[in-house]
Amino acid sequence: MKEQLIGLIDQALAALAERGELPEAHGSEIKIERTRDKRHGDLASNIALSLAKKAGKKPRELAQLICAALPESPLIQHIDVAGPGFINFFLSEDSSQAVVRDILEQAERFGRSNVGNGRKVQVEFVSANPTGPLHVGHGRGAALGDSLCRLLAATGWDVSSEFYYNDAGAQIDKLALSVQARCRGVAPGDSAWPEDGYQGDYIRDLSASYLRGDTVDAEDRHIVGSGNPDDLESIRAFAVAYLRREQDLDLKAFAVNFDVYFLESSLYEDGAVEQTVQRLQGNGHCYEKEAALWLRTTDFGDDKDRVMRKRDGGYTYFLPDVAYHLNKWQRGFERVINVQGADHHSTVTRVRAGLQALEKGIPAAWPDYVLHPMVTVIRDGKEVKLSKRAGSYVTLRDLIDEVGRDATRYFLVARALGSQLTFDINLALSQTNDNPVYYIQYAHARTCSVMRKLVQQGWDWQPERAVQHLSTLQGEEEKTLLRRLVRYPEVVANAAHHREPHSVANYLRELAGDFHAWYNADNMKILLEDQALRDARVALSQATGQVIASGLDLLGVSAPEEM
RNA sequence: GCGCCUGUAGCUCAGCUGGAUAGAGCAGUAGCCUUCUAAGCUAUUGGUCGGGGGUUCAAAUCCUCCCAGGCGCGCCA
């Protein structure tokens with residue numbers, strides 16, 4: 001739609017240039033925008049304002065000239081020059097009514113596009129350590145990452161979702177020691193309790209399970225606890241599997257799936273970590289200092305150099321991170337998006353610097369990061385503290401159990417990325433207008449209810465017949481709803497491009513509002529005796545239901561048929 | 001101290017990347033169910049867009065300096 005209008009304006013400008021009314025190479029990009037106010041038409045261009053100076057004419061005068069030079073088009077009903085010199089386009093009714101036909105024909109494909117053109121993109125998210133259950137912060141990452149995957153897939157990308165499983169390193173040692181201590185009856189606070197040990201109740205449950213000799217069936221591993229408190233290796237393997245299984249269950253309850261689980265330990269096993277060190281040293285970006293091996297990341301924009309190999313010979317987390325991202329690059333992902341909590345933002349420059357030092361031709365801004373601040377949870381107006389170590393804790397699963405998956409996902413994804421998110425449990429539980437999840441789902445359920453009632457009354461409805469009567473959709477509320485539906489493909493495309501799922505959530509709330517307003521409008525009834533009117537209104541209702549269902553699916557929220 | 005993020009109605013937040021009179025929901029006020037789901041609708045009150053300066057036809061949006069809050073600045077991840 002926009003492209004077609006831009007084409008028309010381009011033709012007009014060329015015609016004016018030919019007549020000498022405009023300089024030949026105006027060099028201004030033609031922009032078309034959705035108007036905010038209905039009185040300004042459907043679309044508007046500021047081209048006359050931005051060209052006025054170069055043309056040596058007053059903006060309104062220039063706008064008039066452009067309008068006069070615009071070719072005729074069936075899309076356009078009429079054109080206005082308004083305000084300081086905007087050109088407002090009022091689209092013909094046919095063009096907005098036609099969206100109903102498009103939606104009914106394309107069904108769930110409506111709104112999808114192919115800008116990605118089958119290119120590969122990887123989205124890494126959650127990537128929680130197997131040292132405890134997932135908390136609400138992970139939930140935000142999961143909701144964002146999964147929605148982002150769906151948006152990218154809807155715009156033609158070949159998406160692979162990945163969970164980086166941090167099953168090696170010091171945190172895991174700490175976990176194993178904490179479990180061992182519990183096995184031996186040592187409790188947090190005792191003198192024998194390991195420093196910085198994990199204190200949560202789940203550690204106690206875990207050790208009891210280990211001592212019983214339980215079998216753990218996780219996604220990728222099956223382990224039997226030996227029950228021997230002295231066997232730290234056995235404890236470690238059991239604990240990792242046990243917590244892995246817990247996280248699998250959390251993610252399943254959240255309806256989040258990953259295509260690939262990548263184990264950090266595999267980077268050690270196949271020598272990738274060692275090769276990465278050698279490559280970095282070979283490239284001359286390393287030096288030894290105080291018995292540690294450093295990478296000169298300051299050569300690549302970092303504010304200080306980083307240790308790769310510690311004095312004790314172990315690697316810092318940073319090095320496997322670089323090896324991991326090299327692996328992603330070698331797998332052919334030209335585009336990688338890492339979704340992380342903002343508390344990890346210092347890794348961004350570090351990982352990129354490490355990749356640059358490899359001298360593999362990786363772009364300096366690769367990979368992309370989506371960083372989200374952490375989540376605070378409030379209940380009854382009071383904050384619920386999150387602390388894994390201390391064990392007072394709102395897990396993701398607690399939240400799903402209490403408020404449901406749909407509400408949890410919606411609230412975690414509906415806020416702008418950069419904002420600190422306050423999850424209000426009471427709000428998520430409320431079943432009124434305050435709660436946008438129910439508001440949107442209710443609109444969808446109503447469209448389904450209309451269809452059920454239609455069948456009950458013995459009428460039939462066929463999309464092919466119905467679309468012939470779309471011109472009867474003349475009410476103000478109907479026009480508003482149509483205008484909203486027309487926008488859906490742009491909303492999806494923009495949300496994917498800017499990596500902002502929340503704009504889909506906002507759009508759906510507005511769409512649901514337009515639908516409810518129409519449904520409740522004076523003298524408005526969908527299921528009328530008059531077949532032409534009934535056909536058209538059912539078509540509009542069905543189209544709205546389809547777009548709501550598609551949009552909710554992008555957020556991972558269900559669209560119930562009745563409530 | 002340095003870096004990143006945030007500041008918009010009493011509250012929770014949008015604001016389509018520079019456009020026209022800054023918008024929703026909640027809360028407040030006044031109305032709407034013998035009619036397709038009232039988990040809904042209609043009307044209405046409410047603003048120095050944190051503050052100052054700058055850029056231009058045009059700034060909540062871009063630049064700059066302050067103020068306030070969050071996060072980070074480990075041989076932790």
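For the numbers below, each heavy atom of this structure counts, side chains included, while hydrogens, waters and symmetry mates do not. Protein chains get the first letters and strands the later ones, always in sequence-line order, with residue 1 at the start of each. All figures in this text were calculated on a predicted structure; none of them were measured in a lab.
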Worksheet item: If pairs are Watson-Crick or G-U with both distances under 3.5 Å, what is the dot-bracket string of RNA chain B, marking crossing pairs with [ ] and pairs to another strand with |?
Response: (((((((..((((.....[...)))).(((((.......))))).....(((((..]....))))))))))))....
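Atom CD of A:Q441 and atom C1' of B:G40 are 15 Å apart (whole Å). One atom, CG of A:N46, and another, C1' of B:A58, lie 10 Å apart when rounded to the nearest Å. Across the protein-nucleic acid pair, A:N435 atom CG and B:A38 atom P stand 18 Å apart, rounded to whole Å. With rounding to whole Å, A:Y315 atom OH is found 18 Å from B:A77 atom C1'. We find that CD of A:E510 is positioned 17 Å from P of B:C13, with the value rounded to whole Å. We find that NZ of A:K174 is positioned 11 Å from C1' of B:G74, with the value rounded to whole Å.
Distance from the side chain of A:N520 is smallest to B:G40 among B:C75, B:G40, B:A20. The side chain of A:E290 sits closest to B:C75 out of B:G40, B:C75, B:G15. The side chain of A:L49 lies closest to B:C57 when the candidates are B:G15, B:C36, B:C57. With B:A77, B:A39, B:C75 as the candidates, the nucleotide lying closest to the side chain of A:Y438 is B:A39. Nearest nucleotide to the side chain of A:R34, out of B:A14, B:C16, B:C36: B:C16. Of all nucleotides listed (B:A20, B:C75, B:U42), B:U42 comes nearest to the side chain of A:A517.
Nucleic acid contact class of A:D305 (heavy atoms, under 4.0 Å, all strands): none. Note on A:A342: only backbone sugar-phosphate atoms sit closer than 4.0 angstrom, heavy atoms only; bases stay farther off. Within 4.0 Å (heavy atoms only), A:R311 reaches at least one base atom of the nucleic acid. Base contact: A:Y519 has a heavy atom under 4.0 Å from a base atom. Counting any heavy atom pair closer than 4.0 Å across all strands shown, A:A82 reaches a base atom.
Remark: aromatic rings of A:H285 and A:F300 are close, center separation under 6.0 Å.
Proximity of a side-chain donor or acceptor of A:R405 to a complementary backbone N or O of A:S558 within less than 3.5 Å is not detected. Not a single donor-acceptor pair under 3.5 Å links the side chain of A:S178 to the backbone N or O of A:G197. Distance alone, capped at 3.5 Å, is enough to place a donor-acceptor pair between the A:Q247 side chain and the A:G132 backbone. Between the side chain of A:H516 and the backbone N or O of A:Y439, at least one donor-acceptor pair lies under 3.5 Å. A:R379 contributes no side-chain N or O that, together with a main-chain N or O of A:I425, makes up a donor-acceptor pair within less than 3.5 Å.
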What's touching nucleotides 5-12 of chain B from the protein side, N or O pairs under 3.5 Å?
unit_1	atom_1	unit_2	atom_2	d
B:C5	O2'	A:G418	O	3.0

At a cut-off of 3.5 Å, list every protein nitrogen or oxygen paired with a nitrogen or oxygen from nucleotides 54-56 of chain B, distance to 0.1 Å.
none

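Contact check, A:K304 against B:C2: no side-chain N or O comes under 4.0 Å of OP1 or OP2. Within the 4.0 Å cut-off from OP1 or OP2 of B:C41, at least one side-chain nitrogen or oxygen of A:Y439 is found.
In this structure, the aromatic ring of A:F86 is positioned over the six-membered ring of the base of B:A20, centres within 5.5 Å and planes within 30°.
Scanning atom types as modelled, no donor and acceptor separated by under 3.5 angstrom connect the side chain of A:D343 and the base of B:A77. Judged by atom type and distance alone, A:Y317 reaches the base of B:A77 through a side-chain donor-acceptor pair under 3.5 Å.
For RNA chain B, the residues of residues 344-356 of chain A within the heavy-atom distance limit of 4.0 Å (strictly under) are A:H344, A:H345, A:S346, sorted by number. Taking a 4.0 Å limit (strictly below) on heavy-atom distances, residues 484-499 of chain A reaches RNA chain B at A:R487, A:N494, A:H498.
There is no side-chain donor-acceptor pair under 3.5 Å between A:Q171 and A:Y317. A donor atom on one side chain and an acceptor atom on the other are not found under 3.5 Å apart for A:Y287 and A:Q281.
Contacts of A:E288 classified as side-chain contact (heavy atoms from CB on, under 4.5 Å), with partners at least two apart in sequence or in another chain: A:L293, A:R309.
Two residues, A:P59 and A:T35, neighbour RNA chain B, and the one matched to the more 5' nucleotide by heavy-atom proximity is A:T35.
Shown are A:R509, A:R484, A:K479; of these, the salt bridge (charged side-chain N to carboxylate O under 4.0 Å, His left out) with A:D514 is made only by A:R484.
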